[in-house]
S.K.: 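Just passing along the structure, written as structure tokens.
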Amino acid sequence: VQLQASGGGLVQAGGSLRLSCAASGRTFSGYAVGWFRQAPGKEREFVAAITWSMGNTYYADSVKGRFTISRDDAKNTVYLQMNSLKPEDTAIYYCAAGTGPIGSTRGYNYWGQGTQVTVSS
């Protein structure tokens, strides 16, 4: 499955962005779809995930209450709505698909190219 991430950009602190992850080649059926982020000099970290079959959602503590992950079955697309953005949210955001474990990069076999999110103070 090929993943295409989009929607990143430059936003002021307190603002919002919505990231999209579209799949091609096959559907997300049977997979969990996750968002990870990597800031300069830091490890790639888990942000949020959704299971395609049940729609269960998972979030890192740092984004709970601010970010929402959702899916559109018809478009085979996963979204990450990011509100109340903070400068520390600045990173390259990657979407990925896999069978788990949910919160680990090891749980994902397919990765998109990443989209830059920059939050200015």
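Heads up: numbering here begins at 1 and tracks the sequence.
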S.K.: Got T90 and Q116 here, is their nearest side-chain heavy-atom distance under 4.5 Å?
M.R.: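 T90 reaches Q116 side chain to side chain.
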S.K.: Classify the angle between the aromatic ring planes of F28 and W52 as parallel (below 30°), tilted (30 to 60°) or perpendicular (above 60°).
M.R.: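 Judged by the thresholds at 30° and 60°, the geometry between F28 and W52 is tilted.
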S.K.: Drop me the distance from T68's OG1 to Y79's OH, to the nearest 0.5 angstrom.
M.R.: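 If I round to the nearest 0.5 Å, the distance is 14.5 Å.
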S.K.: Checking Q38 against T105 for the side-chain contact (heavy atoms from CB on, under 4.5 Å) test, could you report, in this order, the C-alpha distance in whole Å, the side-chain angles of both residues, the deciding distance, and whether it holds?
M.R.: CA-CA 12 Å; Q38 189 165 19; T105 56; over 6 Å; no
S.K.: Are L19 and I92 connected, step by step, through hydrophobic side chains (Ile, Leu, Val, Met, Phe, Trp, Tyr) whose heavy atoms are closer than 4.5 Å?
M.R.: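 No.
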S.K.: For S84 and S16, which heavy atoms make the closest approach, and how far apart are they?
M.R.: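 Nearest heavy atoms, S84 then S16: N-OG, 4.4 Å.
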S.K.: Taking the inter-plane angle between the rings of Y31 and Y110 on a 0 to 90° scale, is it parallel (under 30°), tilted (30 to 60°) or perpendicular (over 60°)?
M.R.: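 Taking Y110 first and then Y31, their aromatic rings stand perpendicular (interplane angle over 60°).
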S.K.: At their closest point, which heavy atom of P87 faces which heavy atom of A13, and how far apart are they?
M.R.: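 Scanning both residues, the minimum pair turns out to be CD-CB, 4.1 Å.
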S.K.: Between the side chain of N76 and the main-chain N/O of R26, is any donor-acceptor distance below 3.5 Å?
M.R.: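 Between the backbone of R26 and the side chain of N76 there is a qualifying donor-acceptor contact (under 3.5 Å).
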S.K.: For the hydrophobic clusters of this structure (ILVMFWY residues joined by side-chain heavy atoms under 4.5 Å, transitively), does one cluster hold both I102 and V33?
M.R.: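 Different clusters.
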S.K.: Calculate, to the nearest 0.5 Å, the distance between atoms CD and CD1 belonging to Q81 and I69 respectively.
M.R.: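 So the gap between those two atoms works out to 12.0 Å.
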S.K.: Take F46 and Y58 through the ring pair (Phe, Tyr, Trp, His ring centres under 6.0 Å) test and state the conclusion after the steps.
M.R.: CA-CA 10 Å; F46 171 76; Y58 305 84; 7.6 Å; no
S.K.: Give a yes or no answer on whether the side chain of T77 reaches the backbone of K75 with a donor-acceptor pair at less than 3.5 Å.
M.R.: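 Checking the backbone N and O of K75 against the side chain of T77, a donor-acceptor pair under 3.5 Å is found.
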S.K.: Look up atom OG1 in T118 and atom CG in D89, then write down how far apart they are to the nearest 0.5 Å.
M.R.: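 Nearest 0.5 Å value for the OG1-CG distance: 11.0 Å.
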S.K.: Determine, using the 4.5 Å side-chain heavy-atom cutoff (strictly less than), whether M82 and Y59 are members of one ILVMFWY cluster.
M.R.: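 Looking at the clustering, Y59 is in the same group as M82.
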S.K.: Once rounded to the nearest 0.5 Å, what's the spacing between atom CD of Q113 and atom CG of L3?
M.R.: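 Nearest 0.5 Å value for the CD-CG distance: 9.0 Å.
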S.K.: For the residue pair F67 and Y93, does the interplanar ring angle fall in the parallel (under 30°), tilted (30 to 60°) or perpendicular (over 60°) class?
M.R.: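 Ring orientation, 0 to 90° scale: tilted.
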S.K.: I'd like to know if Y94 and V47 are part of one continuous hydrophobic network [Ile/Leu/Val/Met/Phe/Trp/Tyr, side-chain heavy atoms within less than 4.5 Å].
M.R.: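 No; tracing contacts between hydrophobic side chains, which count when under 4.5 Å, never links both residues.
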S.K.: Rounded to the nearest 0.5 Å, how far apart are CZ of R18 and CG of L80?
M.R.: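 The CG atom of L80 is 10.5 Å from CZ of R18, to the nearest 0.5 Å.
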S.K.: Look only at the side chain of S53 and the backbone of G30, and say whether a donor-acceptor pair between them is shorter than 3.5 Å.
M.R.: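 Here the side-chain-to-backbone pair does not exist.
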S.K.: Would a distance-only check, ignoring hydrogens and angles, find a side-chain to backbone donor-acceptor pair under 3.5 Å from T51 to N56?
M.R.: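 Present.
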S.K.: Hey, could you give me the CG/CD distance between L85 and Q12, rounded to the nearest 0.5 Å?
M.R.: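 Taking CG in L85 and CD in Q12, the distance rounds to 11.5 Å.
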